[in-house]
J.: 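Input: one structure, supplied below.
Keep in mind the model is a prediction, meaning the values are calculated, not measured.
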Amino acid sequence: MDLTEFGAHLEELQAGEKSKDDVILRALRDINPSSKHFSGAIALLTRKPFDDIGVGKKSLRKLATTCFDVTHDELRDLEREYGDLPSAIGHVDLKTNTLTLKRKITLGELYDDLEYLRRTSGPEQKRRMKEMLGYDSPKWVAHAMLGKKGVSLGVGEKSVVKTLAIENGYDEHRKLLSLNPDVTTLCHKLTSPDTDPRSEPGVGHPFLPMLAKSKEVPPDPDGDWMIQPKYDGARILVHIKNGELRRAFSRNANRVDESLPELREFVDDVFATGDWILDGEAIPYKDGERQPFQAIMTRFGRQEAVDEQEIDVEFKFFDLVYGGGVCATYPGDLSNETASRRIHLLRVLFGPEQEYVAPTYRPDTHEKLNEYYQSFLDDGLEGAVVKHVDAPYEFDRRSPNWRKMIPTKENVELRITAVHEGENSNAGKVGGMKLETEDGVPVGHVGGGMEGHSGIPWEERDDIIDKIVEVSWRELQENDDGTYALRFPSLEGFRADKDEADSLDKILSA
DNA sequence: CGCGCCCTGTGGGGCCAAAAT
DNA sequence: ATTTTGGCCCCACAGGGCGCG
């Protein structure tokens, strides 16, 4: 199976006329599941495995102008016309290379090339990318290099896994993906008769954690709901083997133990034995004071070992996914136990060290629930998470059994001072707007929201400059250099009736 | 048959590292 | 030396497709 041939299947998905399940199954039918070709096919379909290799649209655009007879602006025009960068590149290629016979590559070769791009960077990466754009066909080469920023197929890792799982007689496909977050390996296992994917959590094996639903009405507490604080930090899943830290993972199953050296000290202090998987939050502190969310980000993605910390990190754990290796009370996988049982076991496990456990209450009236929630807000916390006492641990699911309680967002009126163009399906439309208060203080940008997608044509961009928009937001961030930005902004609508924005003071006092 | 859920794909801020300028 | 770029963490929101009551 070469890339040109496989590209025909991808074209069908992009056109979106036929059943996606059928296309996926037909595309993979003749590929040996244990081969590298299969890995390449999965990468092209899901766009996940190579989403992080360091190739983005801006650098690919620039490279394309050196490989093909096209200027940057012409390329942007073609993107508007054909909907995305790979399609634009494919079109340029057809126009300019009608005579030369291009080398066809197999999906396995493409996979090796992508692995090479991951290992390299800078000029060497660029050199190989240039070579790859010479293959047949460059559209799908570009798609593979861009990962999630490639062609919008309307198919992602979940659809592909679901299709393959059903076809091969597995149910609970979402749980399978959560427990096997490496989508390539999972697809190999789903389609090979002699191997089964992981179906239970295990120490050392990453998984995608349970998530809380937002914008859900707080439940009527009848004794069946628990409330815990919501901390403004980073999610961590801590895996402990024989009482020692094995690994820790982020919400998206990336390794984070190197970024949080105090995790090892914490585990050494608290645990003597047993196998555990803890679910919790890493929270930034400094001199005993809670720090804004950005402080925790100084820890991630660091190359040098984090030894001299500018900030402290504290841990609060709110669930126990796995407990084993000590006694019959902890049988191993706890995900099918009730939430109240898991939290009970978590408390027992920590014994006298309860400061590491998120405080958990079980109010029986709405008034008491709100009292706890209000007390969390008074303590400067982000809000609360309300959990059903009988809920199992639902992997990778925004479950109504976990509900966020967060203060309603504030609204503010701001002036548009600049706009920028949207990407992909939003090409040729306004994608985002720069905002300012009446006193001329920039407060960041807004892009998401109802008006953002109904689409202001790019040609009409000048008409909305200086107009007033209403924007909802949760928090105003003040940076070290004195600049401000709204956190979680979204557009509520245009205020044609207004010609004045709100002042910075009004936002600060909200 | 309509509603709600799931999934994908838009958009935001700030932090990091490395490349580009 | 500074700016740009892409990836990571935290998100909000919209629309299509599909399943279920």
J.: Can you identify which nucleotide, out of C:dC11, B:dA20, B:dT8, has its nearest atom closest to the A:Lys126 side chain?
T.: B:dA20
J.: Would you check if the side chain of A:Arg403 reaches a backbone N or O of A:Pro400 as a donor-acceptor pair within less than 3.5 Å?
T.: yes
J.: Using the six-membered ring of A:Phe488, assess whether NZ or CZ of A:Arg474 lies under 6.0 Å from its centre and within 45 degrees of the ring axis.
T.: no
J.: Out of B:dC6, C:dC8, C:dC11, which has the shortest distance to the side chain of A:Lys404?
T.: C:dC11
J.: Starting at the 5' end of DNA chain B, which residue's closest nucleotide do you reach first, A:Ser159 or A:Gly432?
T.: A:Ser159
J.: Output yes when at least one side-chain N/O atom of A:Asn426 is less than 4.0 Å from OP1 or OP2 of B:dG9, else no.
T.: no
J.: Below the 4.0 Å mark, does B:dG12 have OP1 or OP2 next to a side-chain nitrogen or oxygen of A:His420?
T.: yes
J.: For the side chain of A:His173, starting at C-beta, report the closest nucleotide among C:dG6, B:dC7, B:dA17.
T.: B:dC7
J.: State plainly whether the residues A:Glu421 and A:Lys429 are in salt-bridge range, i.e. N to O under 4.0 Å.
T.: no
J.: Between A:Arg251 and C:dC11, is there a side-chain N or O to OP1/OP2 distance below 4.0 Å?
T.: no
J.: Looking at the side chain of A:Ser425, which of B:dT10, B:dC7, C:dG6 is the nearest nucleotide?
T.: B:dT10
J.: Check whether more than 12 heavy atoms from other residues, nucleotides or ligands sit under 6.0 Å from atom CG of A:Asp480, and answer yes or no.
T.: no
J.: Counting side-chain heavy atoms from C-beta on, which of B:dA19, B:dT10, B:dA17 comes nearest to A:Ser121?
T.: B:dA19
J.: For A:Thr46, is there any backbone N or O sitting under 3.5 Å from a side-chain donor or acceptor partner on A:Glu157?
T.: no
J.: Where the side chain of A:Lys62 is concerned, which of B:dC7, B:dA17, B:dA20 is the nearest nucleotide?
T.: B:dA20
J.: Among B:dA20, B:dA17, B:dC15, which nucleotide has an atom closest to any side-chain atom of A:Gln303?
T.: B:dA17
J.: In terms of heavy-atom contacts, does NZ of A:Lys148 have more than 12 from other residues, nucleotides or ligands at under 6.0 Å?
T.: yes
J.: Examine B:dG13: is either OP1 or OP2 under 4.0 Å from a nitrogen or oxygen in the side chain of A:Asn479? Give yes or no.
T.: no
J.: Assign A:Arg61 to base, sugar-phosphate, or nothing according to its heavy-atom contacts below 4.0 angstrom with the strands shown.
T.: nothing
J.: If you check the A:Ser152 side chain, which of B:dC7, C:dC9, B:dT10 turns out closest?
T.: B:dT10
J.: Determine: side-chain N/O of A:Lys148 to OP1/OP2 of C:dG7, distance under 4.0 Å, yes or no.
T.: no
J.: Choosing from C:dC13, B:dG14, C:dC10, which nucleotide comes nearest the side chain of A:Arg487?
T.: C:dC10
J.: I want to verify a distance call: between C:dG6, C:dC8, C:dC10, whose nearest atom is closest to the A:Phe293 side chain?
T.: C:dC10
J.: Counting any heavy atom closer than 4.0 Å, what does A:Glu475 reach on the DNA or RNA strands: base, sugar-phosphate only, or nothing?
T.: nothing
J.: For B:dC5 and A:Arg398 - does any side-chain N or O of the residue sit under 4.0 Å from the phosphate oxygens OP1/OP2?
T.: no
J.: Mind checking if A:Lys409 touches a base, just sugar-phosphate, or nothing, with heavy atoms under 4.0 Å?
T.: sugar-phosphate
J.: Reckon A:Phe488 touches a base, only the sugar-phosphate, or nothing at all at heavy-atom distances under 4.0 Å?
T.: base
J.: Categorize A:Leu486 for me: base, sugar-phosphate, or nothing, with a 4.0 angstrom heavy-atom threshold over every strand shown.
T.: sugar-phosphate
J.: Answer with base, sugar-phosphate or nothing: what part of the nucleic acid does A:Asn254 contact at a heavy-atom distance below 4.0 Å?
T.: sugar-phosphate
J.: Remember a base hit wins even if backbone is also touched, and classify A:Arg397 as base, sugar-phosphate or nothing at under 4.0 Å, heavy atoms.
T.: sugar-phosphate
